[in-house]
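We name chains A, B, ... by the order of the sequence lines, and we start the count at 1 in each one. On a predicted model such as this, the values are computed, not experimentally measured, just so you know.
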2 protein chains.
Amino acid sequence: MSEEEEGQPEGARARRPRADSLRNRERLLAAARALFADGGPDASLEAVARRAGFGIGTLYRHFPTREALFLAVYQREADELVALAERLRDHEDPLDALRLWLRASVGMVATKKGMLAVLAPAAGAADALYADTRPRLIDALGALLRRAVDMGRARDDVGPEDVLRALYGFCHMGGEAHWRASALRLLNVFVDGLRPAAP
Amino acid sequence: MSEEEEGQPEGARARRPRADSLRNRERLLAAARALFADGGPDASLEAVARRAGFGIGTLYRHFPTREALFLAVYQREADELVALAERLRDHEDPLDALRLWLRASVGMVATKKGMLAVLAPAAGAADALYADTRPRLIDALGALLRRAVDMGRARDDVGPEDVLRALYGFCHMGGEAHWRASALRLLNVFVDGLRPAAP
DNA sequence: TGATAAGCGGAGGCATCCTCCGTATGTTTC
DNA sequence: GAAACATACGGAGGATGCCTCCGCTTATCA
């Protein structure tokens, strides 16, 4: 009775996952990220498996749906952005730190763009994803921004939400092939604009 | 030399398209609209052909790519909205006319939502589409709005661009299954809000 | 009422999706 | 360290979709 609770009792009696399995999951994730990034969200799942060096069956066991794979990739990228923000806290020039972080973020938006289209049908999945991730990103960005403001290197009339919105806006402009380069240029201009107005 | 100009000379020597062909194109378009509307933009093209009662080859001759089909459907819907606005010019209650038009527009956004994702890769196609369609919609909406303002039934501090933006905003909220119903509710509230403030 | 250009159908080649199960390999226990 | 067991892997295979190609049908024009 107390032996078969929902997803293991307390000090559960479940074997820990096999080490190779974890390694493999990691390799699949890396391959997926690479392919989604430049092949778009319609990249073939078989191609992902092949690139990672596995059979298609393996991919499907780890990620039973395309959506599950997307979610995992996106979460992972968000984690890394949060970690990056952490590291950048000690960067000499706080405005430069902000710039670096935003540039890194462009990559994540590249993933997310495709995801929105793919996740939409699965009502709720996208929301759950956002609800979890967005505040963490706002926090991370907010810390970088606040530091820049406190050190007198950035104006204080924009919040992290505004910056994030601007970032997405830059990335969504048109369907151009070079949107990425364009977004990075715009970002540069924007960060320059964040400098406090010379009195 | 003057015989083979770009797309026929003047009083060109081209047979007019076969009557059945035009009819069939129409049926294909109707089927496509229906399937895209509730099946999303990934609806199978074979399903479209089947629903229209044709072989797949016929669909491909009329619309050589999925994108071409989308464009045709979207243009058509825009045409109808413009025509609808025309008809509503004489509607008794101008604010009600506006409401009716906006409700009809929700249907079109349903199509466009999917299109954005699909057209994005084909750099420029989406832009060309917008460049052509948007101003016509703004005009149509502008006429309805102006009339309501002139007759003292609507406040005068919002333009057609604002209303259109609001409309899109309502439709893009979340990935919910019931977004359509939700959008219609929000629209109602919005139009009520357009009434001039009671003095 | 032919002659002929235009349109139609759908088989077929190729790609992808996803499932299923026999084989292989980590993990645990003694 | 070896047997026993639970897990993970591979990839064939059936289903579906994309798109092309070409022989047959039909509307139009003289």
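When the C1' atom of D:dG17 is taken as reference, atom CG of B:Leu35 falls 14 Å away, rounded to whole Å. Regarding A:Arg23, its CZ atom lies at a distance of 18 Å from the P atom of D:dT7, rounded to whole Å. For the pair B:Asp20 CG and C:dG9 P, the computed distance is 10 Å after rounding to whole Å. One atom, CG of A:Leu22, and another, C1' of D:dC9, lie 15 Å apart when rounded to the nearest Å. Spacing between atom CZ of A:Arg16 and atom P of D:dT7 amounts to 13 Å, rounded to whole angstrom units. Between the C1' atom of C:dC17 and the CG atom of A:Leu69 lies a distance of 14 Å, rounded to the nearest Å. One can place CG of A:Leu45 at 17 Å from P of D:dG17, the figure rounded to the nearest angstrom. A:Arg50 has its CZ atom 7 Å from the P atom of C:dT16, to the nearest Å.
Residues forming a salt bridge (charged side-chain N to carboxylate O under 4.0 Å, His left out) with A:Glu80 (at least two apart in sequence, or on another chain): A:Arg33.
Taking only side-chain nitrogens and oxygens, B:Ser44 comes nearer than 4.0 Å to OP1 or OP2 of D:dC18. The phosphate of D:dA8 has OP1 or OP2 within less than 4.0 Å of a side-chain N or O from A:Ser21. For C:dG7, neither phosphate oxygen OP1 nor OP2 lies less than 4.0 angstrom from any side-chain nitrogen or oxygen of B:Asn24. B:Arg66 has a side-chain polar atom (N or O) that falls below the 4.0 Å cut-off from OP1 or OP2 of D:dC18.
In terms of position along DNA chain D, the nucleotide closest to A:Gly53 lies nearer the 5' end than the nucleotide closest to the other residue of the pair A:Gly53 and B:Glu46. The residue among B:Thr65 and B:Pro17 whose nearest nucleotide of DNA chain D lies closer to the 5′ end is B:Thr65.
B:Arg76 and B:Glu26 are joined by a salt bridge, as a carboxylate oxygen and a charged side-chain nitrogen come within less than 4.0 angstrom of each other. Residues B:Asp20 and B:Arg23 are not paired through a salt bridge, judged by the lack of any N-O separation under 4.0 Å between the basic side chain and the carboxylate. A salt bridge links A:Asp192 to A:Arg99: one of the charged nitrogens lies within less than 4.0 Å of a carboxylate oxygen.
Contact of A:Arg18 with D:dT7 (side chain to base): a donor-acceptor pair of N or O atoms is detected under 3.5 Å.
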Hey, mind stepping through A:Phe70 and A:Phe36 against ring-ring contact (aromatic ring centres under 6.0 Å, His included) and telling me if it holds? CA-CA 9 Å; A:Phe70 264 122; A:Phe36 286 146; 4.4 Å; yes
Run A:Asp139 and A:Arg136 through salt bridge (Lys or Arg N to Asp or Glu O under 4.0 Å) and show every step you take. CA-CA 5 Å; A:Asp139 280 358; A:Arg136 288 196 303 141; over 6 Å; no
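Residue contacts for A:Ala47: at a heavy-atom cut-off of 4.0 Å it reaches no nucleic acid atom on any strand shown.
Annotation: proximity of residues 54-64 of chain A to DNA chain D (heavy atom, distance under 4.0 Å) is found for A:Phe54, A:Gly55, A:Ile56, A:Gly57, A:Thr58, A:Arg61, A:His62, numbered in ascending order.
Proximity of a side-chain donor or acceptor of A:Thr58 to a complementary backbone N or O of A:Phe54 within less than 3.5 Å is not detected.
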